[in-house]
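Reviewing the structure listed below.
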Protein chains: 2
Amino acid sequence: MGRLPVYLRALVEMAERGALTASSEAVAEAAGVNPPKVRKDLSNLGIAGTRGVGYDVAYLIHQIRSELGLTQRWPVLIAGVGNLGHALANYKGFDERGFEVVALVDADASLVGQEVAGGLVQDIANLEAIAREKEVAIGMICTPADAAQGAADRMVAAGIRSILNFAPVLITAPPEVAVRQVDLSVELQILAFYEQRREALGRLAHRDPL
Amino acid sequence: MGRLPVYLRALVEMAERGALTASSEAVAEAAGVNPPKVRKDLSNLGIAGTRGVGYDVAYLIHQIRSELGLTQRWPVLIAGVGNLGHALANYKGFDERGFEVVALVDADASLVGQEVAGGLVQDIANLEAIAREKEVAIGMICTPADAAQGAADRMVAAGIRSILNFAPVLITAPPEVAVRQVDLSVELQILAFYEQRREALGRLAHRDPL
DNA sequence: CAGTGTGAACCTTTTCACAGCA
DNA sequence: TGCTGTGAAAAGGTTCACACTG
């Protein structure tokens with residue numbers, strides 16, 4: 001369930017503010033959803049609150065963390081150390097949430113050997129060996145589009161079963177490998193779609209008032 | 001419809017390879033969905049193909065572009081020129097798809113005046129004036145979490161009606177403003193969830209074979 | 001009384017099957 | 001014959017109302 005991380009973020013913030021208990025309404029507001037959805041989600045997860053009071057924040061955080069597998073740290077590998085790869089390697093939020101960038105690889109020989117975010121960039125040709133040695137669980141692809149599938153194939157060969165792909169192409173992988181696609185310009189295009197619609201509606205409204 | 005940009009990407013790739021016509025099956029495969037979905041989507045959009053042949057690639061590209069509002073260029077402003085903002089300012093894919101980064105702003109005085117991706121970083125205090133002057137349509141928030149809502153408020157005040165938020169917080173805006181949230185560590189957490197489930201299932205299978 | 005837990009209604013999306021046309 | 005166009009069925013997810021309990 002994709003909402004769990006959002007609930008978790010909201011709950012951690014509440015806990016930091018000293019809240020001991022939280023109603024479904026409070027969680028819903030902080031997560032941007034409606035209260036029944038929160039209750040259903042938690043109920044489906046087998047998490048119970050206290051009627052008339054709400055949910056125990058600390059317990060709820062623990063339960064969601066364990067459901068999300070965040071009670072352990074996950075070693076992450078980044079393939080492609082261009083602008084985006086560089087930015088992600090330096091992103092503090094990953095470490096805070098239990099993800100540790102343990103390896104950086106790139107195909108560009110001029111980048112190999114350079115230090116980025118406290119780690120050395122290695123040759124992508126060695127991806128498999130590196131991933132196995134560091135027991136990488138999650139791979140992030142930040143290469144250009146034409147190198148993405150190759151990077152994915154190496155990751156699969158290395159036994160990586162979770163891939164986060166930022167390259168603007170569809171990559172294919174065996175069904176046992178979970179692939180998530182994040183295409184930044186797709187997000188912009190969706191916004192442009194709404195802008196476009198708004199303008200079209202505006203023209204319509206102007207043409208035919210009321 | 002969030003699939004349109006993906007279809008578009010697939011179709012542009014096909015066109016570059018010289019395809020003049022494409023069946024719903026071909027588009028579906030390239031976009032990672034099933035053929036009936038492609039047909040339904042296009043049908044709902046009022047786009048018709050030729051029975052027995054498929055869709056005219058060039059016409060389809062044109063139609064989807066116009067539906068997505070990509071026949072015009074959109075001026076984009078980036079708030080927060082840290083690692084991520086820097087990477088996005090340099091990202092070529094935006095320009096190729098009709099998005100032009102026309103302004104960069106940051107709250108950090110040591111960054112203001114610096115040149116990033118061929119543009120000068122300006123003070124976030126001037127966001128409203130800059131956005132109005134450049135007629136910015138879309139704002140991207142790449143600030144730390146605690147500065148995100150402030151940046152959003154300035155954008156709304158500047159008349160920006162589409163916001164893409166990369167900060168790991170929920171930002172609120174008036175209903176007429178379209179907000180999309182992209183949280184990179186949420187994506188990782190979802191992958192961790194699958195890893196976690198796989199391990200749990202693995203243990204189960206091991207305990208009770210067949 | 002405040003706020004959870006949940007079954008039932010509801011709505012949207014996806015899938016299917018097949019009729020219909022170049 | 002091949003592939004589109006589309007209603008009808010199925011699935012999935014969301015909302016609602018309200019019984020229930022600490």
Side-chain angles (χ1 to χ4, degrees), chain A residues 1-8 10-11 14-15 19-64 67-68 170 175 178 180-181 186 190 193-194 197, chain B residues 1-8 10-11 14-15 19-64 67-68 170 175 178 180-181 186 190 193-194 197:
Chain A
M1 190 74 69
R3 283 187 294 267
L4 249 42
V6 182
Y7 295 165
L8 180 57
L11 287 160
M14 285 173 181
L20 296 176
T21 186
S23 69
S24 62
E25 189 180 347
V27 177
E29 166 144 23
V33 299
N34 49 357
K37 203 179 288 186
V38 172
R39 295 203 296 273
K40 243 281 132 96
D41 287 345
L42 296 181
S43 169
N44 288 338
L45 251 118
I47 300 173
T50 317
R51 300 187 193 224
V53 180
Y55 297 87
D56 182 296
V57 173
Y59 177 69
L60 193 44
I61 288 175
H62 176 78
Q63 283 296 310
I64 294 181
E67 189 72 21
L68 287 173
L170 187 75
R180 286 190 71 84
Q181 184 83 26
V186 162
I190 293 170
F193 170 74
Y194 291 126
R197 270 185 98 76
Chain B
M1 190 77 69
R3 283 187 295 267
L4 250 41
V6 183
Y7 295 164
L8 181 57
L11 287 160
M14 287 174 180
L20 295 176
T21 185
S23 69
S24 62
E25 190 180 347
V27 176
E29 166 145 23
V33 300
N34 49 357
K37 204 180 285 186
V38 172
R39 295 203 294 273
K40 248 287 134 84
D41 286 345
L42 297 181
S43 168
N44 288 338
L45 252 121
I47 299 173
T50 317
R51 298 183 193 226
V53 181
Y55 298 87
D56 182 295
V57 173
Y59 177 69
L60 194 44
I61 289 175
H62 175 78
Q63 284 296 310
I64 295 180
E67 190 72 21
L68 287 173
L170 186 75
R180 286 190 72 83
Q181 186 82 25
V186 162
I190 293 170
F193 169 74
Y194 291 126
R197 271 186 98 77

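Below, read A as the first sequence line, B as the second, and so on, with proteins coming before strands; counting in each chain starts at 1. Since we're looking at a predicted model, the values are computed, not measured.
To the nearest angstrom, P of C:dT4 lies 16 Å from CG of A:Leu45. Between the CG atom of B:Asn44 and the P atom of C:dT13 there is a distance of 10 Å, rounded to whole Å. Rounded to an integer number of Å, the gap from CZ of B:Arg39 to P of C:dT14 is 15 Å. Atom CG in B:Asp41 sits about 16 Å away from atom P in C:dT12, given to the nearest Å.
Partners of A:Arg197 by side-chain hydrogen bond (donor to acceptor under 3.5 Å, both in side chains), not counting sequence neighbours: none found. By the side-chain hydrogen bond (donor to acceptor under 3.5 Å, both in side chains) test, B:Asp56 pairs with no residue at all, sequence neighbours left out.
Here CG of A:Leu42 is found 5.0 Å from OH of A:Tyr55. Values are rounded to the nearest 0.5 Å. Rounding to the nearest 0.5 angstrom, the gap separating the CD1 atom in B:Ile64 from the CE atom in B:Met1 is 11.0 Å. To the nearest 0.5 Å, the span separating CZ on B:Phe193 from CG on A:Leu4 amounts to 7.0 Å. For the atom pair NE2 of A:His62 and CG of A:Leu11, the computed distance is 14.0 Å after rounding to the nearest 0.5 Å.
Chain A approaches DNA chain D within less than 4.0 angstrom (heavy atoms of the protein), and the contacting nucleotides run 5' to 3' from D:dT14 to D:dG22.
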Counting only pairs under 3.5 Å, give me each side-chain donor-acceptor contact of residues 30-41 of chain A, with atom names and distances, residues two or more places apart or in other chains.
unit_1	atom_1	unit_2	atom_2	d
A:Arg39	NH1	A:Ser24	OG	3.2
A:Asp41	OD1	A:Arg3	NH2	3.0
A:Asp41	OD2	A:Arg3	NE	2.8
A:Asp41	OD2	A:Arg3	NH2	3.1
A:Asp41	OD2	A:Tyr7	OH	2.6

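Between A:Ala178 and B:Tyr194, the closest heavy-atom pair is CB-CD1, 4.2 Å. Nearest heavy-atom pair across A:Arg180 and B:Ile190 is NH1-CG2, 3.4 Å. Of all the heavy atoms in A:Val27 and A:Ala22, the pair that sits closest is CG2-CB, 4.0 Å.
For the contact set between residues 22-37 of chain A and DNA chain C, defined by any heavy atom under 4.0 Å, the members are A:Ser23, A:Ser24. Within residues 49-59 of chain B, the residues that place at least one heavy atom under 4.0 Å from DNA chain D are, in residue-number order, B:Gly49, B:Thr50, B:Arg51, B:Gly52, B:Val53, B:Gly54, B:Tyr55.
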